[in-house]
Amino acid sequence: MGQLMEKYIEDAEKALLHTYNRYQIVLDKGEGVYLYDLEGKKYLDFVAGIAVFALGYGNQEYNDTLKGQIDKLLHTSNYYYNVPAIEAAKRIKKLSGMDRVFFTNSGAEAIEGAIKAARKYAFLKDGTTDHEIIAMNHSFHGRTMGALSVTGNAHYREAFEPGIGNIKFADYNDFDSVLACVTDKTCAIIMETVQGEGGLTPATEDFLKKVRALCDEKDMLLILDEIQCGMGRTGYNFAWQKFGVKPDIMTSAKALGCGVPVGAFMMNEKVGRNSLVAGDHGTTYGGNPLACAAVNKVLEIFERDDIAGHVQEVGPYLWEKLDELMAKHPQIKEHRGTGLMQGLVFEEPVAPIINKALENGLILINAGANILRFVPPLVIEKADVDAMVAILDKCID
Ligand SMILES: *Cc1c(COP(=O)(O)O)cnc(C)c1O
């Protein structure tokens, strides 16, 4: 590392709260699927800001849209209508088949809204409170108190208890363990359609279908968190579309704005008509014209350029190449995931491999200590996969 980055990193460690063990690079600019650090070194990016920058860096059409919106109107209150929010909501409805959209600033806030909608739905039904939500072990839903309370990782929650309460944890892909959590107070079941942070595990079709049927039978709401696995990452606009198991409430964020902070929770008409009403929920920034201009343009490009279709071609290629890598290296125990959301499970912590990759111009990230996670920009080509695998291959030994 040169002096320039060293100086900035020193300053950062004095000024920023130490909530991350950061990799020792200062990123400065992006171009396509490449990032550059402050000293001009080029990196192939297989992280995309953790499943955010789906379109790659410097997409001119997207950038021009943002610049135009900045000059026109950055923000206005949700007490007034604005065209980008209306257009973005219409596009979300079309791509997801959900009926009602609420824009947030982040993924965690989308989860908070989903929880509030589910509780209100149950409250309106029986006039009581203290309803329960079933969440999954190894899930990740965000860092705010409500989202943290449904996150199935005790380590993340421990110091911050009590959470919002009345949450039960079942095992992912184990329907009997879900059944065992159901009481007459259960109002919702929340899960990621593909677990990201928890280890790149997709829900099985059988599990999703059984949970959907259970929710229908008991009038409980199915909340699917598509914050990481949605927006084309699995080769479908939203991961549940592969199995046709439609949620009552869905959350989105990360690639929804491709870099502009924005999330959303969406619901079907049944929940829309019987949950949150005026005065129940709000946000100052959520869904402001800048954020929604980004969402609108991202969704326009997704649809026009068939980004999900591209993932259906490149995803299996990445799968094949990572399988070959696993066959070569006995320290790789398992290969998980789907589409452009894959993971390699190692015997030991992967931090040394990630640091080695950085030295060699490749940006990778973990999911848990022992799993290498691959969530690249969705616009990567097969040649980028080859380039990544060639570098990683050298870094494993
Ligand atoms: C990242 C993530 C969140 C939290 O989103 P933030 O924007 O960081 O609040 C929630 N759920 C899943 C599945 C995620 O991957």
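Small disclaimer: the values here were computed from a predicted structure and weren't measured. Along the sequence shown, residues carry numbers from 1. First listed ligand is number 1; within each ligand, the first listed atom is number 1. These values consider heavy atoms only, across backbone and side chains, with no hydrogens, waters or symmetry-generated copies.
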- Message: Need the ligand 1 atom indices (1-based, order shown) with element for anything under 4.0 Å from a heavy-atom of Glu192.
- Response: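 Counting from 1, the qualifying ligand atoms are 13 (C).
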
- Test side-chain hydrogen bond (donor to acceptor under 3.5 Å, both in side chains) applied to Glu381 - qualifying residues, sequence neighbours left out: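 side-chain hydrogen bond (donor to acceptor under 3.5 Å, both in side chains) list for Glu381, sorted by chain: empty.
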
- Task: Please say whether Phe140 places an N or O atom under 3.5 Å from an N or O atom belonging to ligand 1.
- Result: yes

- Item | N or O contact, Gly107 vs ligand 1, cut-off under 3.5 Å |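 In this structure, Gly107 places an N or O atom under 3.5 Å from an N or O of ligand 1.
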
- Message: Give me the nearest non-hydrogen protein atom to atom 14 (C) of ligand 1 as residue plus atom name, then the distance to 0.1 Å.
- Response: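 The closest heavy atom on the protein side is Lys254 NZ, 2.9 Å.
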
- Closest protein heavy atom (residue, atom, distance) for atom 11 (N) of ligand 1: Asp225 OD2, 2.7 Å

- Item | salt bridge (Lys or Arg N to Asp or Glu O under 4.0 Å) between Asp219 and Lys270, intermediate numbers included | CA-CA 11 Å; Asp219 195 19; Lys270 177 181 86 170; 3.3 Å; yes

- Message: Tell me the contacting part of Ala108 for ligand 1: side chain, backbone, both, or neither, using a 4.0 Å heavy-atom threshold, strictly below.
- Response: both

- Message: Does Lys297 qualify as a cation-pi partner of Tyr62, given the criterion of NZ or CZ under 6.0 Å from the six-membered ring centre and within 45 degrees of its axis?
- Response: no

- Task: Have a look at Met341 and tell me which of Arg373, Gln195, Gln228 forms a side chain to side chain contact (heavy atoms under 4.5 Å, CB included) with it.
- Result: Gln228

- Message: Under 4.0 Å from atom 8 (O) of ligand 1, can you find at least one protein heavy atom?
- Response: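 Within 4.0 Å of atom 8 (O) of ligand 1, no protein heavy atoms are found.
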
- Item | Common cluster, Leu221/Ile189, ILVMFWY with side-chain heavy-atom separation under 4.5 Å | no

- Message: Taking CD in Glu269 as the centre, count heavy atoms belonging to other residues, nucleotides or ligands within less than 6.0 Å. Is the count above 12?
- Response: yes

- Message: With a cutoff of 4.0 Å, is Glu197 in contact with ligand 1, counting heavy atoms of the residue only?
- Response: no

